[in-house]
Amino acid sequence: MTAAPSTAPYARTAPPPGSAVARVVGATKVHGVGDTAVTALDDVTVAFPAGRFTAIMGPSGSGKSTLLHCVAGLDALTSGEAYIGDTPLSRLSDTQLTLLRRERIGFVFQAFNLVPTLTVRENVTLALDLAGARPDRDWLDTVIGTVGLGDRLHHRPAELSGGQQQRVAVARALASRPQIVFADEPTGNLDSRSGGEILGFMRRAVDELGQTVVMVTHDPLATAWTDAAVFLADGRVVDALDDPTPELVLDRVRTLGG
Amino acid sequence: MRRIALNGLWAHKRRLAGTFLSVFLGVAFLAGTLMLGDTLQRNFERLFGEVTAGTDAVVRSTTRIDDDAGPGQRAPIPASTLARVRAVDGVAAAEPSIEGRGTLIGADGRAVGRDGPPKLAGNWIADPRLNPYRLAEGRAPRTGDEVVVNRGAADDGGLRVGDEATVRTPEPVRVRIVGIATFGSSSGVGATTFTAFSTAGAARHVMKRPDAISSVVVRGEPGLSQAELVARLRPALGSGIEAIAGDRLAAERVDDIDQTFLDGLRTVLVAFAGLALLVGAFTIHNTFAIVAAQRARESALLRAVGATRRQVLGAALTETALLAAVASLAGLVGGIAIASALKAMFDAFGFALPAGGLEVSATSALIAVAAGVVVTLLAGLAPALAASRVPPLAALRDAALEGEEGGASVRQRRSLTALARGARAGGARAGGARAGRSRRRRPLTALVRGATALIAAPLPRLRGTVGTLARRNAIRSPRRTARAASALVVGVTVVTAITVVGFSLQRSLDDSAARSFDGDLAVTGGEFEDASLPPALARELAALPQVATAVGLGSGSARVDGRNGVYANADAAALSRLVDLDLRAGSLDALGRGALAVSADEAEQRGWRVGSPVAVVYPDGARATLRVGAVYGEEGIAGDVLLPRAAWERHAPQSADRTIFVSLAPGVGEAAGKAAVERVAERWGAPETQTRQEYVDAAGDGVRMVLSIVYVLLALAVVIALLGIANTLALATHERTRELGLLRAVGQTRGQLRATVRWEAVVIALLGTTGGIVLGLPIAFLLTRLGDAVGIETFAVPVAQLAIVLVVGGLAGVLAGVRPARRAARLDVLRAIAAE
Ligand SMILES: Nc1ncnc2c1ncn2[C@@H]1O[C@H](COP(=O)(O)OP(=O)(O)OP(=O)(O)O)[C@@H](O)[C@H]1O
Ligand SMILES: [Mg+2]
C-alpha cells in the first residue's frame, strides 16, 4: 500500500466544507398506488454537507435506501425535490441523470458491485471509460493505493474475497472523483474486520482526499467512523447526531426500536 | 407435476416466446408448402377436368417421344384418321388437333415467355366443346395467317386483337392476332404460351405437311359412355393408333403437370421447409437449454422437497410437449397464410396458376404438425434430461446461471468446490481452481472461445468499454455462445455449400464453353436455349461475306435407346470446326444419316463403343437403328448424344437450332461481324447475337438464376437462426439483470447498453456465419467431386460472394440484437440492483 500523498490538490476541487453537496427538500416518495401504496419517504428535508462522512440509520423499512436512491438520481420523488449541488434532479432526463451519476456520483452497494467480466482495474475505471474520459493517473494511483489493491488489478472479481470486492467497489466509487459517494450498507455482508477496513477507507477518502460520503448502515459501531448520523423512522427524519459515538447511537436506536 | 409443468410454461412464457416462434415458423412454412402443393394439384385437376369436360375420347399415336419435361408429345397420325373416326357410329363430332412448338414474338420484338415455359402452337379447334381454350375476345382464325393467342401470352407480349406479330415455328411467320383465348377459366396453363392457327395454317406452319395431324378429339352421342365410345373407335383405327377416354386424358394431363412442375416444386419447397425446421430445432434446443439452466435452482428445490428424477423429467417434457403442440397447431394456421402468400407470389411472377380456394388435405396437416411436435420434443429432450439430473444440493448453492466455463466469475464462495475439482484434475497443472476449470473445458468449447475472442478482438479498440463488455459477454459462456450460433451455422453451411457448388458449376460451364468454342459469335434463341431458330438462318448467315462458317446446333425430343429426352443434333463435321468436342474415338466427319456421336460418359454408362447399334425414335414416329460413329469428351455444349442433322431434318417437322455458332471471315472485326449477323437475325425474330466472350459468360446464367431463387428460400432458415440469437440474448439479458443495473447505476447510458447487447449479437452472428462458411466449404468440395456427372469439373470458391455472406451475417446480427437491446435498455435500474 502506498502512502497517501498530500490532500491539498484534491481538497481544492471539492465544494467549500459545510455547503450541501446533496440535499432533499420536502421529499415524499410513495411506492405503488391505491391499496398497496407505501409511503417510503414522508416530507423529508435533509442536507449532506461537503467534506463530511454522514451515516443514515433507522429500522428496516424506514426508507433509508429509498432516500439514497432518490437523492442519487436512481429513483424519482413523488413530490419535493432532490439536488446534487444546485441541480434539481426532477428536471433531468434519463440520459442527463445517467451522465450526472457517472460524472458526479459514486456508488457502493451491499453486494454485486462489480461487473464479473471486467478485471479489477477495468471495474475501477468503469465510469470513466463509459464517459470516454481519461483517468487522472495520480488520482487513480492514490485511490487504488488507499484501498490497497495494487497487486490485484488484473484479477476478475470472482477471484477476490467479499471484503476485497467491496474495496474495489469503494475504489470504483472514488475513481471518477465524484462530488459525493453514496454507500448502501457497504459492510452488510462482511465480517467486522473487513467491514472495519472498508469504513476506514471511506474515512480516509473524506479526510485525505476531501470526498463527501453518505452511508446507510444498521451497525451502530460503524457510526464511530462518521461525522454525523441521521435517523429515519417510518419515512421521516426523527433525529440527527454530530460526532456520534456507538453508545449514543445505540441508545437512539433502542429508543427508535430498530 | 402436471400443474408444475403448466405453471412453468406460463411463468416462462416470455422466455419461451422465441421457441414458440421458431416452431411456429418452421411448421407454418412446412404446412404452407404442403398446402400449396395440395391446392395446386386440386386446382389443376379441376381445371383440366373442366377443359376436357366436353371431350369424350382422343385418338392418337401410341408412340410417345417427349421427355418428362415436355407436354405429352407424340408422333403424328395420318390426317385420314379423322374421316375414319367421323364414320364411327356414336361419334357426334370429331375435330383434328395439331400440336407443336411456336415462339410468339411480343410487341417489344422479344420472344414472349423467354424465361423457359413451353411455347406451343397448334390449331384452333372449331367445336368449342372439344376445344380446351375459350375465346375471350375477337374471333377464331380463318385464314392461314390469322391466330388466336392465350391471354397470358398476349398480356406478357403486349399484344392485342388486331395486332400484327411474328410466330417462329421455327421459321418466322407473320400473323395477325384475331382473338384472345383463356384455358378454361385460367389465362393459360402455367406460363405456357399458346398460339392457335386455323387448321390449315397449323398444317402448313406447324406440322408442315397436310397429311398428318397430332390427334383427333371426339365427342360421342349423348347417352353413350366414354368407355363405350372408345370401344367402338378402337376397331376403326390403324396400328400404332389408340383411343382413350376423355377422363383419362384429364388424368394424364394432371400427371404431366405433377411430373413436370408440381413434384419438383413440392420437393424443393419441402426441402427448404425441412431445413427451416432443422435450423429451428437448434434454436429450440438452445432456448430450452438456457431455460433449464435458469431453472436449475427450481428443479433442485423440487428434488430436495422430494420429487423424483422422473417427476422432474416428466414435468420438463410435459412442458415441452405442450409448447410443441400449441406452436405446431398455430403453425398450421400460419401455414394457410403462407400458402396464400406463396400462391400470390407465383401469380405476381406471371405464373398463371388456376384459380380456386386453398386446399388443406388431412395428410399435409398431419405431416406438418407431427414434424413440428417431433422436432420440438427431440430438441427439448437433452435439456429436460439435464434438468432432471440437477442434484438436490444445488438448491442450496448459487446456481451458476451462465455456466461460466473458462471464465472466472464463479463466486468466491464456491472456491472450495473448485479446489476439490482442481485436486481431482490430478495436479498436472498447478493452481487448483484454474486447473479445475481448464479440465472441464472441452476442445470444442476452447475452439469456440478462441474463435469468438478472435472475431471480437477489434471490438475494444473500436468501441471502448462498450466493445470490451460485448466481447467479454460473448466469451463468458462459450457453450451458450456456440449454441446460440449453431442455428446460423447450419443455415450458413447450406448457403455456403450451395453458393460454392453453384459457382463451381457456373465456372465449369463457363470454362467448358471457353475451352470448346473456337468461333467468334453465337446466335441464341433465348436464355434457356430453346430450340427456336430456323435452320435457314444458319444457312443465310453462312452465305454472308463477313462469315466464314455458321453451324446450327439443334435440339428436340426423341427416344434414344429406349429413353425419351431432349437430344442435340447437328452436322457434326461442320460443328467440330467451330466447337472442339474433344474427340476420343471414331470420326465426326462422316456420320451421315446412319451414325450418331455420344459422350464418353454416356458411352461408358451404356457400354457403347464405336460401331455399337443404337435404337432411335424420331419426332415423326419413325424408328431407326444408328451406329455409334464417334465418342467425344466435351459434353458442355452438345450434351450426351449428338444426333446427325441429315437424318433429324427428315424426321422432325419443326427442326430448329438452339444456338448457331459463327466464325468470321479473315479480316472481319468482331463488331462489324456482329452487326452483319444482327442485321440478318433481325428478320428472323431478332434472336440474341453474342460475342465469344458474351457467350462464354452467359453459359452459367441459368445457374445464377436458380441460385437467386435458392437464396430467397434460404432466407427463412436464416431468419429462424436469427431468432435463436435474439432469444439467447434476451435470456442472457434476463440473467444479467443485476449486472446491467449496476452498469446503468454507475453511468452507462441506455445507448451504450443497447450498443453492448447489439455488438454481442454481431459477434455471435459473425461466429455463426464464419462457422457456416468453414463447414460449408469442405461439404461443397465433396459435392463438386460427386457432381462430376452434372458437369462440375472445377472447384471454385467465390470469395466475393462469401464475403457478402459474412457481411450480411454481421448485419443480421445487428438486426437480431435490436429487440434484446431495446429490452435491456428499458430495464429499471432500481429493480435491477434490488433484484434478488
Ligand atoms: N419498489 C417498491 N415497491 C413498493 N414498495 C417499496 C419498494 N421499495 C421499497 N418499498 C417500501 O418502501 C419502504 C422503505 O423501503 P426501503 O428499501 O427504503 O427501506 P430501508 O430503510 O432501506 O430498509 P432496509 O434496512 O431493510 O434496507 C418499505 O416499506 C418498503 O417495503
Ligand atoms: Mg435498504
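The shown structure was predicted, so the numbers you read here are calculated from the model rather than taken from an experiment. Chain identifiers are assigned alphabetically (A, B, ...) following the order of the sequence lines, protein sequences preceding nucleic acid strands; residue numbering begins at 1 within each chain.
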Between [X] and [Y], is there a donor-acceptor pair closer than 3.5 Å when you use the side chain of the first and the backbone of the second?
X        : Y        : value
B/Gln748 : A/Leu130 : no
A/Arg102 : B/Ala745 : no
A/Arg101 : B/Val746 : no

Determine whether more than 12 heavy atoms belonging to other residues, nucleotides or ligands lie under 6.0 Å from atom [atom1] of [X].
X        : atom1 : result
A/Asp86  : CG    : no
A/Asp234 : CG    : no
A/Arg104 : CZ    : yes

Which donor-acceptor pairs under 3.5 Å do the side chains of residues 70-80 of chain A make with protein atoms, sequence neighbours left out?
| unit_1 | atom_1 | unit_2 | atom_2 | d |
| --- | --- | --- | --- | --- |
| A/Asp75 | OD1 | A/Lys29 | NZ | 3.3 |
| A/Thr78 | OG1 | A/Val30 | N | 2.7 |

* Would A/Leu126 and B/Leu743 count as a side chain to side chain contact (heavy atoms under 4.5 Å, CB included) if you check the C-alpha gap in whole Å, the side-chain angles of each, and the deciding distance to 0.1 Å? -> CA-CA 8 Å; A/Leu126 184 57; B/Leu743 281 163; 3.4 Å; yes

* **chain B interface, residue from A/Asp94, A/Asp129, A/Leu99, A/Val115 that has the most non-hydrogen pairs under 4.5 Å** =>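 Most pairs with chain B among the choices: A/Asp94.
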
* Asked: A/Thr117 and B/Arg472: which non-hydrogen atoms are nearest, and at how many Å?
  ->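 That closest heavy-atom pairing would be O-NH1, 2.9 Å.
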
* Asked: Tell me, side chain or backbone of A/Leu97 under 4.5 Å from chain B's heavy atoms, or both, or neither?
  ->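 Neither the backbone nor the side chain of A/Leu97 comes within 4.5 Å of chain B.
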
* Would you say A/Phe109 and B/Leu742 make side-chain contact, with heavy atoms under 4.5 Å? ->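 Answer yes - side chains close enough.
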
* Asked: Taking side chain as C-beta onward, heavy atoms only, is B/Thr468 less than 4.5 Å from A/Glu122?
  ->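 Yes - at least one pair of side-chain heavy atoms lies under 4.5 Å apart.
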
* **Those residues that, when tested against B/Val818, pass side chain to side chain contact (heavy atoms under 4.5 Å, CB included) (two or more places apart)** =>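 Side chain to side chain contact (heavy atoms under 4.5 Å, CB included) check on B/Val818 returns B/Arg822.
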
* **Nearest-0.5 Å distance, OG1 of residue A/Thr98 to CZ of residue B/Arg750** =>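 With rounding to 0.5 Å, OG1 (A/Thr98) is 7.0 Å from CZ (B/Arg750).
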
* Would you mind checking which part of B/Arg471 comes under 4.5 Å of any heavy atom in chain A, side chain (CB onward), backbone (N, CA, C, O), both or neither? =>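 No part of it gets close to chain A.
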
